[in-house]
Amino acid sequence: MTHSLEGGLEPVTCITDNQPIDVSLSLLVAFGLLISFLPQVYKIIKYKTSEGISPWFLMLGTMSATCVLFNIVILQFNIIKCCQVVPALTCFENMLGIIQLAILWFMCLLILVLFMIYFPSHRKFAPYIRHLHFNTPPTEWSIEWRDSIIVSTVVTVHTIFTIAITILLLFFYGNEDINWKVLWAQFLGIASMVLISIQFIPQLYRTWIRKSVGALSIEMMMMQVIGSFIFVYTLSIRPSVTWTTWIVFFVSGCLQGILLILCICWNYRSKRLGHGPFYVGEDDQLLTRDGRPLIPDERTTLINKGHKRNPSNRPTTSRNGSFNAAGNTVNNNNNNNNNNNNADNNYLSVKF
């Protein structure tokens, strides 16, 4: 059985007036969502790199936004149909809830696209280490780049699949004996809650391991953490709302708050040491041919320590004590070379 846009539509059921306070609050939330993502977009474009951002973090966030967007599209589809009989301004006011989540979905998708575009080129292939690769630079993709491709593919397939199923249920199979629309909307809502609750775990792990902020925007997280707890408060004070409604958003806000604290700490540490936001130390670069972390062995010990000098930066001698300056040592060695008769008494072994 087909389901047309005009089927069962009665103009009297459409909302034609909205409270100004509700419209203003909805506009403020929509504008706040858009503004909160702009610092992250700006930082990736400014530095032309997405280094430090976990692709799994972006995948979970984008898939969650996709689920919650089409959940509200199904539940408020009658409001969308009402746009045929109400003025354009009223239609816009009625659809502000959908517009808010559409902004969230678009910005999450935009950041994922920027992540792929500005993925560091030197990390797309397994890094070249002369001592390990013997003058044969690796040509295979790194694990990090393969994961990013998998993430972008999964998000694309998930988005197309969700849109296709939603269209089929809304226009073709939505009026059967079993209300598949409601079941699909409930499934999307539950999936979105699960994805939101675990979204920040991959990024927390990556930031902790790197001990660097990277391309993450501290300004974005500050605005979103504050917004999360305001959103939880507005939900909790509504009548007949229990903790089961807002607990997922509270947990998500707490995890993002922990990530924000980590980034602030690593950012302060980097500035104190005179490093930039993308500095991760030498250990991050020690990867094997396939991009996996290098296991320390005798060879890497020689690589890391072979060129280190004495901490005091002063030469030591095996006989006759030590000298206060390297210049004195060199002069004495020259005198010893010119005086072969006293070679045995003045022989020095200098070690740097």
Side-chain angles (χ1 to χ4, degrees), residues 32-62 64-65 104 107-124 127 142-149 151-152 155 195-229 251-287 291-294:
L33 275 173
L34 178 63
I35 293 299
S36 67
F37 281 98
L38 291 182
Q40 182 64 78
V41 174
Y42 172 76
K43 187 171 184 179
I44 295 177
I45 297 177
K46 176 184 177 181
Y47 290 100
K48 296 186 181 350
T49 180
S50 57
E51 187 170 353
I53 300 179
S54 170
W56 306 107
F57 161 69
L58 297 179
M59 182 191 74
L60 295 173
T62 306
S64 172
L104 173 64
M107 296 306 295
C108 289
L109 191 62
L110 175 62
I111 292 176
L112 178 60
V113 172
L114 292 175
F115 171 83
M116 297 299 295
I117 293 175
Y118 291 103
F119 190 93
S121 58
H122 67 278
R123 288 186 172 272
K124 289 184 178 180
S142 64
I143 293 179
E144 187 178 0
W145 178 237
R146 289 202 301 266
D147 290 344
S148 301
I149 294 176
V151 162
S152 60
V155 170
L195 293 171
I196 288 176
S197 62
I198 63 175
Q199 173 186 358
F200 291 95
I201 295 178
Q203 187 60 58
L204 278 169
Y205 175 77
R206 184 172 179 81
T207 304
W208 175 260
I209 294 298
R210 283 173 49 90
K211 293 180 173 53
S212 172
V213 178
L216 284 174
S217 172
I218 294 178
E219 294 79 7
M220 177 196 71
M221 288 184 289
M222 290 180 64
M223 288 187 285
Q224 291 187 353
V225 167
I226 296 173
S228 296
F229 290 114
V251 172
S252 175
C254 290
L255 291 176
Q256 191 172 19
I258 296 174
L259 178 61
L260 174 62
I261 294 173
L262 280 180
C263 288
I264 292 175
C265 292
W266 299 147
N267 184 60
Y268 172 77
R269 173 176 173 267
S270 296
K271 289 184 177 180
R272 181 171 56 85
L273 297 176
H275 302 310
F278 298 94
Y279 180 80
V280 292
E282 296 179 357
D283 294 341
D284 185 71
Q285 305 299 330
L286 294 180
L287 303 175
R292 297 178 181 176
L294 181 64

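Only heavy atoms go into these numbers, but all of them, side chains included; no hydrogens, no water, no symmetry mates.
You'll find the side chain of V155 reaches within 4.5 Å of the side chain of L109, heavy atoms only. Counting heavy atoms from C-beta outward, S50 and P120 have side chains that approach closer than 4.5 Å.
Separation of atoms CG (L112) and CE (M59) is listed at 10.0 Å; rounding is to 0.5 Å. The CG atom of L114 sits 12.0 Å away from atom OG1 of T49, with the distance rounded to the nearest 0.5 Å. The distance from atom CG of L259 to atom CD1 of I264, rounded to the nearest 0.5 Å, is 10.0 Å. A distance of 6.5 Å separates CE in M223 from OG in S217, rounded to the nearest 0.5 Å. How far CD1 of I198 is from CG of L204: 12.5 Å, rounded to the nearest 0.5 Å. Atom-to-atom distance recorded for W208:CH2 and I258:CD1 is 11.5 Å, nearest 0.5 angstrom.
Of all heavy-atom pairs between L38 and L34, the closest is CG-O, 3.3 Å. Across M107 and F37, no two heavy atoms sit closer than the pair CE-CB, 3.4 Å. Of all the heavy atoms in Q203 and G52, the pair that sits closest is NE2-O, 3.0 Å. Taking all atoms of both residues into account, the shortest heavy-atom contact from C263 to T207 is SG-CG2, 4.2 Å. The nearest pair of heavy atoms linking S36 to M220 is O-CG, 2.8 Å. Contact detail for E144 and R206: the closest heavy-atom pair is OE2-NH2, 2.6 Å.
Side chain of S148 to main chain of P55: no donor-acceptor pair is present (N/O by atom type, distance under 3.5 Å, no hydrogens or angles). Here the side chain of S270 pairs a donor or acceptor atom with the backbone of W266 at under 3.5 angstrom. Judged by distance alone, the side chain of Q40 and the main-chain N or O of A215 form a donor-acceptor pair under 3.5 Å.
Residues satisfying the ring-ring contact (aromatic ring centres under 6.0 Å, His included) test with F115, not counting sequence neighbours, are F119. Annotation: ring-ring contact (aromatic ring centres under 6.0 Å, His included) contacts of F229 (sequence neighbours excluded): F250.
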E51 and R210: CA distance, side-chain angles, deciding distance, side chain to side chain contact (heavy atoms under 4.5 Å, CB included) verdict:
CA-CA 10 Å; E51 187 170 353; R210 283 173 49 90; 3.7 Å; yes
Kindly indicate, with the supporting measurements, whether the criterion side chain to side chain contact (heavy atoms under 4.5 Å, CB included) is fulfilled by L60 and S64.
CA-CA 6 Å; L60 295 173; S64 172; over 6 Å; no
Go through it in stages, so that I can follow the logic: the residues are L255 and V251, the test is side chain to side chain contact (heavy atoms under 4.5 Å, CB included), and I'd like the CA-CA distance, side-chain angles, deciding distance and then a yes or no.
CA-CA 6 Å; L255 291 176; V251 172; 4.3 Å; yes
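Between K43 and E219 there is no salt bridge, since no side-chain N of the basic residue sits under 4.0 Å from a carboxylate O of the acidic one.
Under a cut-off of 6.0 angstrom, the local environment of CE in M222 is sparse, with at most 12 non-hydrogen atoms contributed by other residues, nucleotides or ligands.
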